[in-house]
Amino acid sequence: MKTSGIVSIAAAALSGLLFTTPVAAADLPPIIIKGSHFFYENGTEFFIRGVAYQQDINGNGTTSANGLFTDPLADAAGCTRDVPLLKELGTNVIRVYAIDPTKDHKTCMNLLQESGIYVIQDLSNPVQSIIRDAPEWNTELFASYAAVIDEMAPYTNTLGFFAGNEVSNDVNNTNASAFVKAAVRDMKAYIKTKNYRTIGVGYATNDDGIIRTSLANYFNCGNRSDSIDFWGYNIYSWCGESSFTASGYDQRTLEFANYSVPAFFAEYGCNQVKPRPFTEVQALYGPNMTGVWSGGIVYMYFQEANEFGLVTVSGGKATKLPDFTALSKQLASVTAKSTAMAAYQVTNTAAQACPATGTAWAAARALPPIANADVCSCMVSSLSCVPSSGMSGNATAQMFSTVCGLSKKACEGITANATTGVYGAYSMCSATQKLSFAFDQYYQSQGKASTACNFDGKAKIVSPSVSSSCKPLINQAGVEGTGTVTTAPTGTGSPSGSSNSNSSSGSGSSKNSAAGALRVPGSDLRMLQLGACVLVAGIAGVGVTLL
């Protein structure tokens with residue numbers, strides 16, 4: 001991401017994605033995936049004509065100073081103003097980078113649906129995301145992502161989810177992709193566990209010449225249940241009056257010719273030449289590309305300091321910019337040549353080969369453990385030595401250094417190495433839970449001597465209690481926490497077990513969703529990351545990261 005009335009069935013046939021269950025007459029028709037293409041249920045091929053729709057937000061992989069962002073789908077007045085313009089533009093998809101799942105999104109989602117517009121929703125937000133330089137996939141992030149799914153899945157014009165955006169953007173942080181792919185795996189499983197309709201989970205990548213091929217291969221390789229359902233490509237190489245070859249679009253198209261899932265431009269629209277002529281639209285929806293690419297999403301609707309906007313908004317009024325007019329004319333003048341689903345013979349069924357780890361790629365095929373909060377709570381209940389209450393974040397981070405310095409073995413169950421693919425069973429737990437496990441491991445290794453559960457008064461001895469439901473999970477993890485727990489979370493991202501009460505037609509009530517179930521304050525997230533750094537310093541070995 002660059003920083004700084006009901007429609008007719010015929011019209012709706014050009015909009016949609018990944019819906020495989022019947023919907024009510026007023027809902028947008030379903031679109032399904034066959035091979036590497038999207039198709040409307042009646043067999044018409046689907047091409048995304050999208051616009052990025054969000055203000056004041058940066059891409060994933062960085063943290064926000066205050067975590068504040070504008071949720072565009074909770075702004076009823078803004079949607080009432082903008083949806084008619086999006087429809088006029090010829091939009092059938094918007095991409096939204098972050099929402100607050102505790103808010104009400106009914107008005108915006110219904111306005112979009114009435115105009116034949118679907119939503120591709122990112123699961124992260126500026127505070128709760130996988131950070132490229134300190135990557136982790138844990139139960140807190142799982143609950144946050146699940147809350148977004150709970151809120152958006154019931155709306156039939158939710159097309160799919162991105163589990164990450166430009167997280168790995170350099171050779172030095174490709175290890176972060178292992179944690180994003182674990183998020184893809186767990187959120188796909190969560191959608192199935194909750195018995196939601198089929199909704200795809202994908203990833204959006206930047207256009208980095210060194211790692212672009214490895215990234216695309218990595219997210220598509222291995223088990224189908226672990227890999228992406230679609231691939232989004234943020235690409236800005238066509239500037240002004242460029243061409244299919246000069247822009248490199250020809251090479252990118254060749255690279256994805258045998259990709260086994262749909263691929264599309266998750267962002268495009270270079271602004272080195274202003275106003276933007278959007279001549280790339282003719283290529284993107286032309287015969288050289290439609291056999292491989294399923295359209296794209298223009299960056300972006302709102303004019304901001306980075307000057308990528310299609311409109312300016314002031315005093316509650318949106319004013320079209322020259323870019324709006326140019327894009328509208330280009331989209332209106334092009335008709336993508338489609339292939340009927342019945343005539344489409346899928347030949348690219350094989351997944352890509354996983355890239356080998358080395359100097360150019362640091363993420364192993366093995367993924368971090370399933371982020372199952374039950375595993376963590378069961379583990380804590382089985383312990384005899386745990387941290388004292390009221391410990392500050394800095395104290396917690398220091399204690400990781402202390403206990404892991406005393407015994408590297410005590411921390412094996414909570415550490416993770418994405419390059420070797422070796423992960424502790426509890427590496428996806430919260431910082432306090434992981435510290436509890438390390439304390440107890442050291443306590444047990446010292447013959448349960450009372451002095452081994454002191455840590456300058458920051459630990460205490462308690463009586464363990466393991467329920468019958470916890471025993472299988474504890475057994476899978478193993479005594480030292482180095483086993484593999486294969487049990488997935490059951491039912492919800494909420495510790496209370498609540499679920500979204502929205503109807504399939506998208507009533508949008510978020511009161512019973514997982515949205516507010518497990519909010520991690522920014523300070524605790526920073527403590528998790530600080531603990532990671534301290535733990536790395538306390539344990540011998542390169543590339544070990546606490547998650």
Side-chain angles (χ1 to χ4, degrees), residues 1-7 15 28 48-59 64 66-127 147-148 151-152 154-159 161-162 165 266-267 269 297-325 327-328 331 502 506-510 513 515:
M1 177 180 181
K2 293 293 181 181
T3 61
S4 235
I6 306 299
V7 295
S15 307
L28 288 175
I48 295 173
R49 295 174 177 236
V51 174
Y53 184 71
Q54 187 135 23
Q55 291 177 284
D56 305 321
I57 192 166
N58 293 330
S64 169
N66 53 23
L68 298 179
F69 61 92
T70 301
D71 180 345
L73 299 183
D75 181 1
C79 290
T80 301
R81 175 195 65 217
D82 296 331
V83 170
L85 290 174
L86 289 166
K87 183 179 180 180
E88 177 186 338
L89 190 61
T91 304
N92 64 9
V93 171
I94 62 170
R95 178 182 176 185
V96 177
Y97 294 89
I99 64 164
D100 179 349
T102 65
K103 292 185 177 179
D104 188 347
H105 302 97
K106 291 191 299 292
T107 299
C108 286
M109 292 302 290
N110 289 337
L111 285 170
L112 290 164
Q113 177 165 269
E114 290 169 1
S115 292
I117 300 173
Y118 291 76
V119 177
I120 297 178
Q121 179 65 57
D122 286 58
L123 294 174
S124 61
N125 64 56
V127 166
V148 175
E151 173 61 16
M152 296 297 290
Y155 294 107
T156 57
N157 55 328
T158 297
L159 304 184
F161 301 104
F162 279 131
N165 180 71
E267 292 177 8
I297 299 171
V298 169
Y299 188 80
M300 58 175 297
Y301 182 79
F302 297 99
Q303 177 75 318
E304 296 183 327
N306 56 17
E307 298 186 346
F308 278 88
L310 301 176
V311 304
T312 57
V313 175
S314 178
K317 180 181 179 180
T319 302
K320 300 176 190 176
L321 293 171
D323 284 14
F324 182 102
T325 302
L327 179 60
S328 179
L331 289 173
N502 298 1
S507 62
S509 172
S510 61
S513 74

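What's counted below: heavy atoms across the whole structure, side chains too, no hydrogens, waters or symmetry copies.
The minimum heavy-atom distance linking Q55 with E304 is given by the pair CA-OE2, 3.2 Å. Taking each heavy atom of A147 and P101 in turn, the nearest pair found is O-CB, 3.5 Å. Contact record, T107 with A76: CG2-CB, 3.7 Å, taken as the closest heavy-atom pair. The minimum heavy-atom distance linking G116 with L28 is given by the pair CA-CD2, 3.8 Å. Between C108 and P72, the shortest heavy-atom contact is SG-O, 3.6 Å. When all heavy atoms are compared, the tightest approach of F162 to A266 is CZ-CB, 3.9 Å.
Of the possible donor and acceptor atoms, none in the side chain of E267 sits under 3.5 Å from a partner among the backbone N and O of I297. Although no hydrogens or angles enter the test, the distance criterion places a donor-acceptor pair under 3.5 Å between the side chain of N157 and the main chain of M109. With Q54 contributing its side chain and T70 its backbone, the two residues share a donor-acceptor pair below 3.5 Å. For the pair Y97 (side chain) and Q121 (backbone), a donor-acceptor distance under 3.5 Å is absent. Under a 3.5 Å cut-off, the side chain of S328 and the backbone N or O of F324 do not form any donor-acceptor pair. A donor-acceptor pair is defined here as one N or O able to donate and one able to accept, closer than 3.5 Å; such a pair exists between the side chain of Q303 and the backbone of G309.
The side-chain heavy atoms of M300 and V51, taken from C-beta on, include no pair separated by under 4.5 Å. A 4.5 Å side-chain heavy-atom check between L327 and T325 finds every atom pair outside the cut-off. Proximity of I117 to V93: side-chain heavy atoms (C-beta onward) are nowhere separated by under 4.5 Å. Counting heavy atoms from C-beta outward, L73 and I94 have side chains that approach closer than 4.5 Å. Annotation: side chain of T91 is not in contact with side chain of L85 (no heavy-atom distance under 4.5 Å). Side-chain atoms of Y301 and V311, non-hydrogen and from C-beta on, do get closer than 4.5 Å to each other. The shortest side-chain heavy-atom distance between Y118 and N92 does not fall under the 4.5 Å cut-off.
The structure places CG of N110 at 12.5 Å from NE2 of H105, a figure rounded to the nearest 0.5 Å. Atoms CD and OG1, from Q113 and T158 in turn, are 9.5 Å apart once rounded to the nearest 0.5 Å.
For residues 315-324, every residue pair satisfying the side chain to side chain donor-acceptor pair (under 3.5 Å) rule, not counting sequence neighbours, is listed here: E88-K320, R276-D323. Residue pairs that meet the salt bridge (Lys or Arg N to Asp or Glu O under 4.0 Å) test with at least one member in residues 68-84, sequence neighbours left out, do not exist here.
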For this session: Take N165 and R95, measure what side chain to side chain contact (heavy atoms under 4.5 Å, CB included) needs, and give me the verdict at the end.
Result: CA-CA 12 Å; N165 180 71; R95 178 182 176 185; 2.7 Å; yes
For this session: Could you check L159 against V119 for side chain to side chain contact (heavy atoms under 4.5 Å, CB included), going step by step and ending with a plain yes or no?
Result: CA-CA 6 Å; L159 304 184; V119 177; 5.8 Å; no
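Listed by chain and residue number, Y53 satisfy the ring-ring contact (aromatic ring centres under 6.0 Å, His included) test with F302 (two or more places apart in sequence, or in another chain).
Defined by atom type and a distance below 3.5 Å, a donor-acceptor pair is present between the side-chain atoms of D100 and T102.
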